[in-house]
There are 2 protein chains.
Amino acid sequence: MKENHIGLRKTKQRELILNVISSAPGPVSVNEIAQLLEDCDKSTGIATIYRTVNLLLDNELIQCVRLHDAVQRYEPTNIPHHHHFHCSQCDKVYDLEGCYLHLHESTLKEGHQVNSHEITFRGICKDCKESS
Amino acid sequence: MKENHIGLRKTKQRELILNVISSAPGPVSVNEIAQLLEDCDKSTGIATIYRTVNLLLDNELIQCVRLHDAVQRYEPTNIPHHHHFHCSQCDKVYDLEGCYLHLHESTLKEGHQVNSHEITFRGICKDCKESS
DNA sequence: GTTCGTGCAAACCTTTTGCAGCCCA
DNA sequence: TGGGCTGCAAAAGGTTTGCACGAAC
């Protein structure tokens, strides 16, 4: 991981996994990572994928995105503030540009201090709408 | 199940489980439901709790709330549209009144059709702020 | 009495762990 | 060469399913 970060070894598998997560159009699950690696003939043991994902999480190179299904998905931490759209039909997740939340105060009327927020939209994605 | 909803039988266990979810101060997990039933000497098989929760979900009497930890929690659907505040310090979850999202179109600029949305705020809750 | 629901245990699925062999530094 | 990394398989944890008995109608 970037320049031997904290004594970690740079291996083919780790590069591949980080690359898959970084180049996906939205957050991906462990299964999707495994599938994508298989698709390009770079099959990797599932245990390695889990271990690598946890390693990347620990080093904050990726973060976990949790939507309405039970699946944990991962995305790079170095992308700008954004939110997600989750298709109810094909189950894919898309990144959305910008932020739809107009919240100017950092303290809510209930008195809680807000440090961050997450928004998830659900519905039917463009592709599913067009093919129906 | 409200008045024999769809041919479902009204049983002691189902009433208890719905009651536990409805009267909890916030969304509860399956484990919490099991614990609460045990506490009042109404222990129920874990399989029954899972089946009942899924039944209640199917009939939209409850809905699933997913925060940033891996736990699935459930709350009644018959409370008004609201969002959640999750305290990073004490881990409590608060319901927030109203909606901070000003979204007038139902189709995003990316072309996806929005049917619903969820917002979760994170930060420090009022109580934690005051006691620090 | 018939049908559906419950509880138990087994099955299942996802994630983690142990271990022997391999590979990077 | 040595210690971390991988892959396999087994284990662990959480959820679902099959089945026989019991409860609801």
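In the text below, chain A, chain B and the rest are named by the order of the sequence lines, each starting its count at 1. Values below: all heavy atoms of this structure, side chains included; hydrogens, waters and symmetry mates excluded.
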Picking from C:dT6, D:dC25, D:dG7, which would you name as closest to the side chain of A:Gln13?
D:dG7

Name the pairs: protein N/O against N/O of nucleotides 16-18 of chain C, kept only if under 3.5 Å.
{"residue": "C:dT16", "atom": "OP2", "partner": "A:Asn54", "partner atom": "ND2", "Å": "3.2"}
{"residue": "C:dG18", "atom": "O6", "partner": "A:Arg51", "partner atom": "NH1", "Å": "3.4"}

Taking C-beta and beyond as the side chain, do A:His82 and A:Glu75 meet within less than 4.5 Å on heavy atoms?
yes

Between NZ of A:Lys12 and P of C:dC22 the distance, given in whole Å, is 15 Å

Round to a whole Å and report the spacing from CD of B:Gln72 to C1' of C:dC13.
14 Å

Do any side-chain nitrogens or oxygens of A:Thr11 fall under 4.0 Å of OP1 or OP2 in D:dC5?
no

Tightest non-hydrogen contact, residues A:Asp95 and A:Pro27, listed as OD1-CD, 3.4 Å

Is the distance from the ring center of B:His117 to that of B:His83 below 6.0 Å?
yes

Measure CZ/A:Arg66 against P/C:dT14 and give the value in whole Å, please.
16 Å

Between A:Asn31 and A:Gln35, is any side-chain donor less than 3.5 angstrom from a side-chain acceptor?
no

Could you state the CD-P distance from A:Glu15 to D:dT6, rounded to the nearest angstrom?
12 Å

Return the set of residues passing salt bridge (charged side-chain N to carboxylate O under 4.0 Å, His left out) with B:Glu118 (not counting sequence neighbours), or none when no residue passes.
A:Arg122

Set of residues satisfying side-chain hydrogen bond (donor to acceptor under 3.5 Å, both in side chains) with respect to B:His86, sequence neighbours excluded
B:Asp91

Taking ring-ring contact (aromatic ring centres under 6.0 Å, His included) as the test, write out the residues that go with A:Tyr74, two or more places apart.
none

Check the surroundings of atom NZ in A:Lys126: do more than 12 heavy atoms from other residues, nucleotides or ligands lie under 6.0 Å from it?
no

Given atom CD1 of A:Ile49 and atom P of C:dT14, what is their separation to the nearest angstrom?
13 Å

Using a cut-off of strictly less than 4.0 Å between a heavy atom of the residue and any atom of DNA chain C, enumerate the qualifying residues of residues 29-45 of chain B by number.
B:Thr44, B:Gly45

Look at the side chain of A:Arg9 and the base of D:dC5, then say whether one donor and one acceptor between them are separated by less than 3.5 Å.
no

B:Leu16 CG - C:dG5 P separation (whole Å):
16 Å

Output all residues satisfying salt bridge (charged side-chain N to carboxylate O under 4.0 Å, His left out) with B:Arg66, sequence neighbours left out; order by chain, then residue number.
none

Whole-Å distance between D:dC5 P and A:Asp58 CG?
13 Å

